[in-house]
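Order of listing sets the numbers, starting from 1, for every ligand and every atom in it.
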Amino acid sequence: MTPQQQDQLRSAAQATLRANDRGGYAVPSPRLYPFQWNWDAAVNAVGWQTFDEPRAWQEIETLLTGQWANGLLPSIVFHRPADSYFPGPQEWGCDHLTPPTTSISQPPLLATMVRRMRDHSRDPQVDQRLRTIVPKIVDWHRWWYRDRDPEQTGLVVTYHPWETGSDNSPAWDEPLARVPATPRSYQRRDTGVVDGSMRPHKAEYDRFVYLLDFFRDCRFDPRRIYDECPLRIVDFALNAILLRANLDLAHLCEALGLHSDAAQLRDWHQRGAAAIATLWSPTLRRHVSLDTRSGKPLPSRTHAGFLAWYAHVFTGESGPQRQLDLLAELDEFLGATRHALASTHPTDPGYDPRRYWRGAVWPHINWLVAEGLAEHGHAAQAQRLRDDTLALVQAGGLFEYFAPDTGEGLGGPDFSWTAAITLILLQTR
Ligand code: GLC
């Protein structure tokens with residue numbers, strides 16, 4: 001890419017974030033997702049920081065206004081009503097909250113993004129802001145471990161594919177099939193905005209809706225949901241992101257003199273790293289998620305396993321060999337499609353290059369995997385992922401995700417976190 005092309009792309013990405021700004025928060029994509037999403041906001045903040053640092057901190061402070069008293073940081077904060085999205089706060093049973101939210105969370109990227117922002121900050125007063133922000137993120141991590149790991153296994157569970165962020169990954173097919181389909185009628189909005197071939201099937205939606213009704217009917221009682229929810233999985237990717245975030249949050253706590261919080265976070269990381277090692281499959285050469293209802297591993301061949309580097313969990317004697325095995329698996333992903341990284345490998349029976357998390361390339365996952373690879377000295381593979389991501393965006397536009405075979409931009413257009421990742425990747429060139 002020439003310097004002029006880089007400048008053009010940078011301007012387009014900045015303009016996209018500005019256009020999606022609704023005053024303190026950016027919507028992921030104007031019509032498809034008209035509210036503030038949790039892990040999107042974390043990525044978007046880092047993107048904002050490349051050209052407007054005060055606005056970056058605002059993105060995070062606005063997200064935190066949706067935090068529940070018990071520490072849950074919800075997946076969506078419905079700052080203002082919009083009727084182009086289903087299910088809204090009433091469906092979730094959370095319309096009485098100010099601001100209204102969902103009742104589930106999303107992958108806890110926030111602490112890692114905040115640490116990065118502090119490292120890159122030009123604001124001499126940045127730690128003043130962090131004195132308010134960091135304890136709230138600590139409360140969120142406490143919520144994960146209290147409500148989602150009541151048996152203290154070291155790993156947290158999730159009850160809804162939307163909470164994993166990879167909504168229709170083939171890894172969830174089997175456990176989701178055991179969830180009853182909702183008997184009630186409802187009106188989807190997403191397929192009115194983008195083509196149905198790029199979105200989850202109706203059978204999946206029927207179960208997504210069953211689950212959110214179930215949480216509401218349980219009055220969000222954590223114990224009851226843990227005991228009775230028909231879907232209960234340990235998602236490797238979510239746990240990898242949480243483990244990494246524990247380390248970054250511990251670092252932030254230490255910088256602010258919050259030493260007992262830091263010690264707790266390092267302990268969670270250590271125990272989690274030991275527990276996550278049991279999810280390693282020697283035959284599949286990667287970690288897999290676990291269905292804790294059936295006790296069975298979920299072996300779908302997805303990109304999730306490549307987050308192990310980012311999570312810093314290759315500790316102990318087995319670490320070096322496991323890294324070699326995972327690098328071999330990564331080579332097979334890189335060689336299998338024209339554009340990396342397919343979210344599902346083409347040999348997986350669930351592969352579908354256009355349908356969302358069943359094959360399409362996601363820029364933010366590429367970036368996270370690249371960060372972890374680079375931190376472990378695998379510079380060439382990291383660069384390949386960064387280059388592929390920028391090339392896709394340059395040729396295909398700032399779309400939500402991309403077809404790994406053709407490079408076509410798919411899903412929502414003018415997408416905020418795609419713009420943010422573009423800015424981050426251009427900055428580190
Ligand atoms: C979709 C994605 C989810 C994302 C949201 C907003 O639901 O699966 O990961 O946070 O869109 O972009």
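Taking every heavy atom of Gly165 and a limit of under 4.0 angstrom, the matching atoms of ligand 1 come to 2 (C), 3 (C), 8 (O), 9 (O). Close contacts of ligand 1 with Gln106, meaning ligand atoms under 4.0 Å from a residue heavy atom, involve 3 (C), 4 (C), 9 (O), 10 (O). Close approach to Pro28 involves these atoms of ligand 1, each under 4.0 Å from a residue heavy atom: 6 (C), 12 (O).
Glu53 and Trp57 are linked by a side-chain donor-acceptor pair at a separation below 3.5 angstrom, with hydrogens and angles left out of the test.
By the 3.5 Å distance cut-off applied to N or O atoms, Ser166 is not counted among the residues near ligand 1. Annotation: Tyr356 places an N or O atom under 3.5 Å from an N or O atom of ligand 1; distance criterion only. For ligand 1, the polar-atom distance check finds an N/O of Trp39 within less than 3.5 Å of one of the ligand's N/O atoms. By the 3.5 Å distance cut-off applied to N or O atoms, Trp357 is counted among the residues near ligand 1.
Distance from atom 8 (O) of ligand 1 to its nearest protein heavy atom, with residue and atom name: Asp167 OD1, 2.8 Å. Given atom 12 (O) of ligand 1, the protein heavy atom at minimum distance is Asp40 OD2, 2.6 Å.
Aromatic pair Phe333/His345: ring centres closer than 6.0 Å. Taking the ring centroids of Trp37 and Tyr85, they lie under the 6.0 Å cut-off.
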Query raised in the report: Which is it for Asp147 and Trp143 under the side-chain hydrogen bond (donor to acceptor under 3.5 Å, both in side chains) test, yes or no, and what are the steps along the way?
Result: CA-CA 6 Å; Asp147 282 16; Trp143 171 85; 3.2 Å; yes

Requested in this report: Go through the steps to decide whether Arg285 and Glu332 satisfy the test salt bridge (Lys or Arg N to Asp or Glu O under 4.0 Å), and finish with yes or no.
Outcome: CA-CA 11 Å; Arg285 304 179 303 183; Glu332 290 202 14; 3.2 Å; yes

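With a 4.0 Å cut-off on non-hydrogen atoms, Phe415 touches ligand 1 through its side chain and not its backbone.
Results of the salt bridge (Lys or Arg N to Asp or Glu O under 4.0 Å) test with Asp248 over Arg266, Arg118, Arg115 single out Arg115 as the only residue that passes.
Taking the six-membered ring for Trp and thresholds of 30 and 60 degrees, His287 and Phe314 have ring planes inclined between 30 and 60 degrees apart.
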